[in-house]
Amino acid sequence: MEIISENLCYGGIQGVYKHASSACNCDMTFGVFLPPQAKLDKVPVIWFLSGLTCTHENAMVKAGAQGWASKHGVAIVFPDTSPRGGQVADDEAYDLGQGAGFYVDATENPWSPHFKMWTYITEELQKLVLSEFSVDDQKQGIMGHSMGGHGALTMAFSLPKLFKSVSAFSPICNPTKSDWGKKQFNAYLGPNKKLWRAHDATILMEEKGFDNRVLIDQGEADNFNDLLMLDSIKLAIARRKQVASVRVHNGYDHSYFFIQSFMEDHIKHHAESL
């Protein structure tokens, strides 16, 4: 693991690191914020999955998470959103290819040699972070934004023994029915829609639910509301009688200004569970 940078931040350390990924078959970059409490003992850790077009850096710089993480004594991991490099397949569209991994393991060419983001987040980067940083493997939560909100919800619902808490900002809630999902799943996973179901938060809520409270925030003025399909997961939550807070905030959009505004609530949500 190569140290790209480490900076003092709210009494803790915000670092950026690079390593050779066997899952993605390329070099991958990620960020980790360690609060000052990590100098004394292992701390709970929250994984933040970013959205389309983002890298590890967007949330690390724009989300305003480090101050609240320091206050509550939790670490945050900021992975990249996809494999990258000249040898990695890409597409001219912003919502497919590099920057748009959708947190699945691709089975179709030309994506399958590198696009293994599910395995990367839930297995490979897990092992690296837990071995290199002072974080508690039994106290892990996950959150994300947009495409990353989709990833956070699907990973938490599918792997409740790994992720004990979950929240999402403006998640893609029903990708098997949305144009943000159908296009990518067809490209990455092929036409067999049975494979798609494992990566749809609404379907997973109906089938599995979650053992802890779910927090979802969305902006009423989000210009992607039709693609996010919040009503679908709200209905699934109601049918399952899932303990959840699903909040729509007047005037807020899809930007990191929205995320900043409610980051404290999300960090506190995870800290209380972990």
Side-chain angles (χ1 to χ4, degrees), residues 19-30 47 49-56 77 79-129 142 144-163 166 168 171-208 227-229 232-233 236:
H19 72 114
S21 166
S22 58
C24 294
N25 195 26
C26 63
D27 286 346
M28 296 291 287
T29 302
F30 65 98
W47 296 70
L49 306 186
S50 290
L52 288 166
T53 74
C54 291
T55 69
H56 70 282
V77 180
D80 203 346
T81 55
S82 77
R84 297 182 190 274
Q87 79 278 22
V88 177
D90 201 6
D91 191 272
E92 292 182 357
Y94 75 94
D95 58 355
L96 189 68
Q98 295 185 37
F102 256 76
Y103 303 102
V104 302
D105 282 355
T107 59
E108 303 296 301
N109 287 325
W111 314 106
S112 56
H114 299 282
F115 282 72
K116 304 291 186 183
M117 290 302 294
W118 183 278
T119 296
Y120 177 68
I121 299 294
T122 65
E123 296 181 21
E124 184 178 23
L125 191 56
Q126 282 276 327
K127 293 177 182 177
L128 181 60
V129 167
I142 189 166
H145 171 233
S146 195
M147 178 185 73
H150 139 78
L153 294 175
T154 57
M155 288 178 179
F157 297 167
S158 299
L159 302 167
K161 292 183 178 179
L162 181 60
F163 298 113
V166 65
I172 302 170
C173 298
N174 198 185
T176 61
K177 300 288 181 64
S178 170
D179 288 341
W180 269 359
K182 288 188 290 186
K183 171 184 177 179
Q184 293 81 3
F185 288 177
N186 190 66
Y188 295 143
L189 302 175
N192 183 357
K193 294 185 178 180
K194 290 182 179 179
L195 297 179
W196 300 12
R197 295 176 61 86
H199 298 284
D200 188 305
T202 295
I203 293 172
L204 292 173
M205 173 54 64
E206 292 172 347
E207 295 179 349
K208 300 174 183 289
L227 294 167
L228 302 176
M229 300 185 70
S232 295
I233 200 166

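These figures come from a predicted structure and were not determined experimentally.
- Here the side chain of Ser158 pairs a donor or acceptor atom with the backbone of Thr154 at under 3.5 angstrom.
- Counting heavy atoms from C-beta outward, Ser50 and His56 have side chains that stay 4.5 Å or more apart.
- Atom CE of Met205 is separated from atom CG of Asn174 by 12.5 Å, given to the nearest 0.5 angstrom.
- Pro79 has its side chain out of reach of Met28: every pair of non-hydrogen atoms, C-beta onward, lies at least 4.5 Å apart.
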Practice prompt. Take Leu227 and Ser178, measure what side-chain contact (heavy atoms from CB on, under 4.5 Å) needs, and give me the verdict at the end.
Written response: CA-CA 6 Å; Leu227 294 167; Ser178 170; 3.9 Å; yes
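- Under the 3.5 Å distance criterion, the side-chain polar atoms of Ser21 are matched with a main-chain donor or acceptor of Cys24.
- Looking at Asp80 and Thr29, their side chains never bring a donor and an acceptor atom within 3.5 Å of each other.
- Considering every non-hydrogen atom in both Ala89 and Pro110, the closest pair reads CB-O, 3.5 Å.
- Side-chain contact of Thr176 with Asp200: a donor-acceptor pair under 3.5 Å is present, judged by distance alone.
- Distance alone, capped at 3.5 Å, is enough to place a donor-acceptor pair between the Lys116 side chain and the Ala106 backbone.
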Worksheet item: Could you walk me through whether Tyr120 and Asp105 pass the side-chain contact (heavy atoms from CB on, under 4.5 Å) check?
Response: CA-CA 9 Å; Tyr120 177 68; Asp105 282 355; over 6 Å; no
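- Between the NZ atom in Lys182 and the NZ atom in Lys177 there is a gap of 9.0 Å [rounded to 0.5 Å].
- When each of Trp196, Phe115, Trp118 is checked for a ring pair (Phe, Tyr, Trp, His ring centres under 6.0 Å) with Tyr188, only Phe115 meets the rule.
- Contact of the Leu49 side chain with the Ile142 side chain is registered, since non-hydrogen atoms from C-beta on lie closer than 4.5 Å.
- Atom NE2 of His19 sits about 8.5 Å away from atom CG of Asp27, to the nearest 0.5 Å.
- Side-chain atoms of Ser146 never come within 3.5 Å of backbone atoms of Gly148 as a donor-acceptor pair (strictly under, hydrogens ignored).
- Atom CG of Asp179 is surrounded by 12 or fewer heavy atoms from other residues, nucleotides or ligands within 6.0 Å.
- If you take CD1 on Ile121 and CE on Met117, they are separated by 4.5 Å, rounding to the nearest 0.5 Å.
- A heavy-atom distance below 4.5 Å is not found between the side chains of Pro83 and Asn25.
- In summary, the side chains of Glu124 and Thr119 do not present any donor paired with an acceptor at a separation below 3.5 Å, with no hydrogens or angles considered.
- Between the side chain of Gln184 and the main chain of Leu96, no donor-acceptor pair closer than 3.5 Å is present.
- Checked against the 6.0 Å centroid criterion, the rings of His199 and Phe102 do not qualify as a close aromatic pair.
- Scanning for salt bridge (charged side-chain N to carboxylate O under 4.0 Å, His left out) contacts around Asp95 gives Lys183, with sequence neighbours left out.
- Scanning both residues, Gly144 and Ala152, for their nearest heavy atoms gives N-CB, 3.7 Å.
- The pair Arg197-Glu207 meets the salt-bridge criterion, with a side-chain N (NZ, NE, NH1 or NH2) lying under 4.0 Å from an Asp/Glu carboxylate O.
- Taking NE2 of His114 as the start and CH2 of Trp111 as the end, the distance is 11.0 Å to the nearest 0.5 Å.
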Discussion item. Let's go through Met155 and Thr122 carefully: what are the C-alpha distance in whole Å and the side-chain angles of both, what is the deciding distance for side-chain contact (heavy atoms from CB on, under 4.5 Å) to 0.1 Å, and is it a yes or a no?
Written reply: CA-CA 8 Å; Met155 288 178 179; Thr122 65; 3.8 Å; yes
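- In terms of heavy atoms, Val166 sits closest to Leu153 at CG2-CD2, 3.9 Å.
- The aromatic rings of His150 and Tyr103 sit tilted relative to each other, their planes meeting at an angle between 30° and 60°.
- Checking side-chain atoms of Thr81 against main-chain N and O of Cys54 turns up a donor-acceptor pair under 3.5 Å.
- Judged purely by atom type and a 3.5 angstrom limit, Ser82 has no side-chain atom pairing as donor or acceptor with the backbone of Gly101.
- A distance of 6.0 Å separates OG1 in Thr55 from CZ in Arg84, rounded to the nearest 0.5 Å.
- Contact record, Cys173 with Thr202: O-OG1, 2.8 Å, taken as the closest heavy-atom pair.
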